[in-house]
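Heads up, the thing below is written out as C-alpha cells.
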Amino acid sequence: MAITPTLRRSLIALLLLICVAVVIYMASKFSAGEGKDEPATCARSVDKDCTDLAPEVIAEYFGFTLPEGTVIEESQLVGFQDDYVEATFVVPAAQVSQWEASLEEYEPETDVDCQGLEGQGPRTCAKVSAATEHQSYTRVTLPDGSVRVHAIYFET
C-alpha cells in the first residue's frame, strides 16, 4: 500500500496532535504540584510536591483541629511513595483550648527532643506514632497568649 500525500499529511497532523497532548499533560502534571491555586487538592496522593496547604489538609494529616482564625505561616507536602508534611501555624489565644482539646491522640507534652521553633521561647512537644505514620508538634506560647506550632508528619 502506497502512502498518498493526503494520508501522509493526516498522519503527520495526528502525530503532532499526540505530541501536543503529551506536552500539555506533562506541563499540567508538573505545575499542579505547586498547590498555590487550589491547595485543598494537594492532599494524600502519590507524586505531589505542594506548598501553602489548606488548613483542612493540614488537620487531616495531623489529626487535630485548626480552629477559626488560625494563621498558616508556612506549609509543605512532599509526596512520592511516602508523604512528608511540615507546617507552621499560629492558633489565636482565644482558640488555644479548642486546639488543645483535639490533641487526645498525642502523647503527653514534654520539653525533650522538640523539633523546630528554636530560639522562640520555651518549647514543649508531643508525638503520636502508628506502624507507618508519625506525627509530632512543637509549640511555643507567644506573649499575647496565642500559640505558634511547628508540626511534622511522615510515613515509613
Side-chain angles (χ1 to χ4, degrees), residues 17-156:
L17 183 61
I18 291 171
C19 289
V20 167
V22 168
V23 167
I24 290 172
Y25 171 76
M26 294 304 288
S28 69
K29 181 173 176 71
F30 286 112
S31 68
E34 293 177 8
K36 293 188 184 281
D37 295 332
E38 297 183 50
T41 63
C42 186
R44 296 176 183 260
S45 63
V46 175
D47 200 21
K48 286 220 178 218
D49 293 334
C50 305
T51 56
D52 300 330
L53 302 174
E56 58 270 12
V57 173
I58 294 169
E60 178 186 346
Y61 273 99
F62 293 99
F64 49 59
T65 300
L66 290 180
E68 188 74 31
T70 298
V71 176
I72 311 298
E73 294 182 333
E74 187 176 14
S75 61
Q76 130 183 358
L77 163 66
V78 177
F80 179 60
Q81 293 176 344
D82 300 321
D83 287 345
Y84 177 85
V85 179
E86 270 192 81
T88 302
F89 54 90
V90 176
V91 179
Q95 306 297 334
V96 170
S97 61
Q98 181 184 355
W99 175 71
E100 290 174 333
S102 70
L103 301 175
E104 64 270 355
E105 290 185 30
Y106 285 79
E107 296 174 6
E109 288 188 354
T110 179
D111 61 359
V112 178
D113 295 329
C114 296
Q115 299 177 9
L117 304 180
E118 290 86 357
Q120 296 187 32
R123 303 178 298 163
T124 56
C125 53
K127 65 181 178 178
V128 61
S129 294
T132 59
E133 294 183 341
H134 308 276
Q135 297 119 314
S136 65
Y137 69 84
T138 298
R139 67 186 273 175
V140 172
T141 301
L142 302 175
D144 66 357
S146 62
V147 174
R148 176 170 286 124
V149 179
H150 180 75
I152 299 173
Y153 168 95
F154 63 94
E155 298 173 348
T156 56

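Residue indices begin at 1 and follow the sequence shown. Computed from a predicted model, the values in this text were never measured in an experiment.
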Crowding at CG, Asp113 (>12 non-hydrogen neighbours, <6.0 Å) | no
For Ser75 and Leu53 the tightest heavy-atom approach is OG-N, 2.7 Å
Of all heavy-atom pairs between His134 and Thr156, which one has the smallest distance, and what is that distance?
-> NE2-OG1, 3.4 Å
Measure the spacing between CH2 of Trp99 and CZ of Phe89 and express it to the nearest 0.5 Å.
-> 5.5 Å
Hey, what do you get for OH (Tyr153) to CG (Asp82), rounding to the nearest 0.5 Å?
-> 8.5 Å
Using a cut-off of 6.0 Å, state whether more than 12 heavy atoms not belonging to Glu118 lie near its atom CD.
-> yes
Do other residues, nucleotides or ligands put more than 12 heavy atoms under 6.0 Å from Gln115 CD?
-> no
Exercise: do Gln135 and Tyr61 side chains pair donor with acceptor under 3.5 Å = no
Short question: side chain of Thr65, backbone of Ser102 - any donor-acceptor pair under 3.5 Å?
-> no
Backbone N or O of Asp83 within a donor-acceptor pair of the Glu155 side chain at under 3.5 Å?
-> yes
Would you give the length of the straight line joining atom CG of Leu66 to atom CD1 of Ile58, rounded to the nearest 0.5 angstrom?
-> 6.0 Å
Do Tyr106 and Glu100 get their side chains close enough for a donor-acceptor pair, meaning under 3.5 Å?
-> no
Shortest non-hydrogen contact from Phe62 to Ser136?
-> CE2-O, 4.2 Å
Considering all heavy atoms, the nearest Val147-Val149 contact | CG1-CG2, 3.7 Å
Just do the side chain to side chain contact (heavy atoms under 4.5 Å, CB included) check on Leu77 and Val57 with the steps written out, would you?
-> CA-CA 10 Å; Leu77 163 66; Val57 173; 5.6 Å; no
Sequence neighbours left out, what passes side chain to side chain contact (heavy atoms under 4.5 Å, CB included) with Glu86? Give chain and number order.
-> Tyr84, His150, Ile152
Would you mind reporting whether Thr110 and Cys125 have side-chain heavy atoms less than 4.5 Å apart?
-> yes
Backbone N or O of Gly116 within a donor-acceptor pair of the Arg123 side chain at under 3.5 Å?
-> yes
What is the distance from atom CD1 of Ile72 to atom OG1 of Thr51, rounded to the nearest 0.5 Å?
-> 12.5 Å
With side chains defined as the heavy atoms from C-beta onward, is the minimum distance between Pro122 and Asp111 less than 4.5 Å?
-> no
Please examine the side chains of Val90 and Glu73, heavy atoms only from C-beta on, and report whether any two atoms are closer than 4.5 Å.
-> yes
Exceeds 12 heavy-atom contacts within 6.0 angstrom, atom CD of Gln120 | yes
Value rounded to 0.5 Å, distance of CD in Gln76 from OG1 in Thr88 | 10.0 Å
How many angstroms lie between atom NZ of Lys127 and atom OG1 of Thr138, to the nearest 0.5 angstrom?
-> 11.5 Å
